[in-house]
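Let me begin by presenting the structure, written as structure tokens, before commenting on it.
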Amino acid sequence: MYIYFKDIVYYVTQINGDTDNGHCIWYGECTDNLTGKQNCVYNGPGKPLTDPMALSRLEQYCPQLYTGNSSLTCCSASQLVTMETHMAVAKQLLQACPSCYYNFLNIFCFLTCNPHHSTSVGVKSQAPNDRGVATVLSVDYAMTTTFANGMYNSCKDVMIPGIQERAISVLCGRSATDCNATELLNYLGSSSNGPTPFEIDFHVQNTSWSRPGKYILKPMNTKTVPCDMEFGNLSACSYKDCPSVSPPLTPTLPNISVLYPWPDYRVEQLIITRPDNNTKVKHDFPAPAIGHISFSSLFDRTFLHLLLDLQLKIQNITTTYKGKMITLDDICYRVKSSESCVIISMLEYWQMDVTRLDQVVMDSFGFFMLADYLDHLQACVRTPNATFDRTKLNTTCLSTSSVPIDPWLVMQDGLGYPESETFVISFIVKNSQDPHEVGAAHAWEKAYTSFLTNFSSPNMTIKFSTKRPTTADPMQVPNTAFPYSPESVKQIDIKRPTTADPMQVPNTAFPYSPESVKQSDIKILSAAATPLSGVIKVLTFALLALFIDKL
């Protein structure tokens, strides 16, 4: 992640070399012990940072403090390496939400490198190392409630990639519901937690803080960027990580193209919600554990049965093209010719098998439930590629096509997956260049559209869409990361039964006649790109899962 910050001067704290405005309290590293590397006491002006690699790190991690090739700082090249190492976990957890990530980094940038950090940081205790050099053991660090709350609020809803739990629970050392800005800072400042090699006593207030006889500290108050605002040339956080961001109607297609780098393909997509249903599904933890977890009404087993029935009906849609019967099997994308059609659906955690969805394991007395479909779901969300889910069910999480189902693509809108308010099902279709296969795909899409246009249920609200290329040959897709322009992506919103008149849809919009479109609301959908690379998600997924398991 590399950023140009010439466009964000409006919120940068002004940095200069005027020592009357503060000086360094440390410079360089003197001690490397069991708790980590500790800094050398230094009372003097900031020093020019000229090492090219160090300057690159400063610009990457602390752009507010970077002023060019001789930036004045209170941190040496080795201190920047140490800070980069300590920020590794935070980077993996938070970088999907740029404003949060850089607000969080500023806690340590202004602690470590600010050339005037004596204004807000003081050496609380020090001791000579084995060479007699004074080493910092603990510090006081004052910051305003404005900064602390702004930083925390921008990060509190950021989700761990691939796991759908809030990242703040890892950084705070406690449940996200029990965390706040003060608890987060206290946890980060304790040397007993590992990443911090010396104690940091945070003092969060909007007035000066003093240690009598030693120093008066003016709280650090660099400006924070809210999660729904762009940070430099980086986009605002996604709606998954920032509730104030409006969710796109089809947020999953760009993610599919990143996580599953197959050849060009088409996507037929369903977005399912439940109307007017705020009930919760209470799920007791398997014995002998005590307690429960609540899921949204989408996870009710009866509703999942209805959804499975709908999905299977769609898979069984048939039509004819040039006298031949066409099914999804004829046009779908397969990773291997011997595998099933690729369908990205939460129901694939149970391989779309109603028997597996209903499977329950009881104890030997038939009294306590040891595992059911929701235990299996929780296991699969953590490790979608598991062939054995590590519950008493001991069943696979892989789909019928052997593709792992990333939870971000199929469950959305909640702060964590149990609170999801939307399910998404994506049918992946070959984007063939063969004219016969093009015609067959068009014919099936027409039947798919007709079926869903005429479908209604009092128990679910459905939006559905087809994604098509925009080049002259409708099945020729340019070699780009996302092969569809927003103008080519159309959506039809199916609600509960209504007597609304058919809408007239331009013939160019879909490969079906206007007469087949009823009860419809046609809108252009967003094709915003995903902020995370698939590579990062895949590499960090297992590591984060193991890390969290050990908390």
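Between the side chain of Thr383 and the backbone N or O of Ala379, at least one donor-acceptor pair lies under 3.5 Å. Listed for the Ser154 side chain is a donor-acceptor partner under 3.5 Å among the backbone atoms of Met151.
Ring orientation note: the planes of His376 and Trp350 are tilted relative to one another, at an angle of 30° to 60°.
Considering Arg390, His283, Lys392 as possible partners of Asp375, the one that fulfils the side chain to side chain donor-acceptor pair (under 3.5 Å) test is His283.
Using a 4.0 Å cut-off between charged nitrogen and carboxylate oxygen, Arg334 and Asp329 count as a salt-bridge pair.
Less than 2.5 angstrom separates the SG atom of Cys397 from that of Cys380. Sulfur-to-sulfur, Cys179 and Cys172 sit under 2.5 Å apart at their SG atoms.
Between the CD atom of Gln311 and the CG atom of Leu347 there is a distance of 5.0 Å, given to the nearest 0.5 Å. If you take CG on Leu308 and CE on Met352, they are separated by 8.0 Å, rounding to the nearest 0.5 Å. Taken to the nearest 0.5 Å, the CG atom of Leu184 stands 6.0 Å off from the CD1 atom of Ile107.
Residues Phe202 and Tyr187 place their aromatic rings such that the two centres sit no closer than 6.0 Å. Between Phe104 and Phe108, the gap from one ring centroid to the other is short of 6.0 Å. Note: Tyr448 and Phe464 meet the aromatic proximity criterion, with ring centroids under 6.0 Å apart.
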Verdict with reasoning, Ser296 to Glu419, per side-chain hydrogen bond (donor to acceptor under 3.5 Å, both in side chains): CA-CA 5 Å; Ser296 75; Glu419 301 173 46; over 6 Å; no
